[in-house]
Amino acid sequence: MNDWQRKSPEDWETYLNKLVKVAGIEKHEYEGWVLTVDPVSASVILATFLEDGKVSISVVLGHAIEEVEILKEGDDEMKQRLSCIFAPEESKAYSPEELEKKKNDLKTWLETNHIPVTEQGESGRTLCVAGVLTIDPPYGPEECSSSNEIILSRVQDLVQGYLEKQE
């Protein structure tokens, strides 16, 4: 086990959203922005922004890492770019404020129609209907999820109808 693998998750967290140079075995070097570090394998996931606007993702396996050097701290804009890499296309179109408004409007509409709804999750971004169905951002029928197909279908129809009235 190398020094990198011996670090704790708290140590690895200090590398997030930073531009790093990773020295690997056999003199291989990798450079990119740290998206995350896998706590089990100590592997580092790096993002590199290409000139054509695309993103290249690299995985450097933990056992092959000899040293990680921080080259640059990420600013707020870079943190935002990195956080959006794996976000679904639909949610990229909305600002956090717009998503909050959509959630609150849908919640109010459901409650007005006597449908029990709560907010759940760490940030309260997910709506939970009657404890058996969830609606994730951006709060459309496609984001409804339930193991009960009848309830799923009915709530999806309700949400679709609500959205059509809003337009």
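What you see is a predicted model, and the numbers here were worked out from it, not measured in a lab.
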4.5 Å side-chain heavy-atom contact, W4 and V44: yes
Identify the heavy atoms of F49 and I85 that sit nearest to each other, and give their distance. CZ-CD1, 4.2 Å
Give a yes-or-no answer on whether the side chains of E164 and Q160 include a donor-acceptor pair shorter than 3.5 Å. yes
Report the distance from atom CZ of R154 to atom CD1 of I115, rounding to the nearest 0.5 Å. 11.5 Å
Is there a donor-acceptor pair under 3.5 Å between the side chain of N2 and the backbone N or O of I65? yes
Name all residues meeting the salt bridge (Lys or Arg N to Asp or Glu O under 4.0 Å) criterion together with E26; count only those two or more places apart in sequence or in a different chain, and write none if there are none. none
Which residue pairs satisfy the ring pair (Phe, Tyr, Trp, His ring centres under 6.0 Å) criterion with at least one member in residues 53-85, sequence neighbours excluded? none
Looking only at non-hydrogen atoms, find the nearest pair between L133 and L152 and report the distance. CD1-CA, 3.7 Å
Where L82 and V34 come nearest, the two heavy atoms and their spacing: CD1-O, 4.5 Å
In short, salt bridge (charged side-chain N to carboxylate O under 4.0 Å, His left out) pairs touching residues 99-115 with sequence neighbours left out are E100-K103, K101-D105, K103-E119, K107-E119
Residues two or more places apart in sequence or in another chain: which of them pass ring pair (Phe, Tyr, Trp, His ring centres under 6.0 Å) with Y30? none
Considering only heavy atoms from C-beta outward, does the side chain of V159 approach that of Y139 to under 4.5 Å? no
Please identify each residue that fulfils salt bridge (Lys or Arg N to Asp or Glu O under 4.0 Å) with D52, with sequence neighbours left out. none
Out of E69, E31, E73, E13, which one pairs with K18 under the salt bridge (charged side-chain N to carboxylate O under 4.0 Å, His left out) rule? E73
Which atom pair, heavy atoms only, marks the closest approach of A42 to W12? CB-CZ2, 3.5 Å
Give me the atom names and distance for the closest heavy-atom approach of L46 to V20. CD2-CG2, 3.7 Å
Close side-chain approach of L158 to N113, heavy-atom, < 4.5 Å: no
The side-chain hydrogen bond (donor to acceptor under 3.5 Å, both in side chains) partners of T36 (sequence neighbours excluded) come to none
Would you compute the distance between atom NZ of K79 and atom SG of C84 and round it to the nearest 0.5 angstrom? 14.0 Å
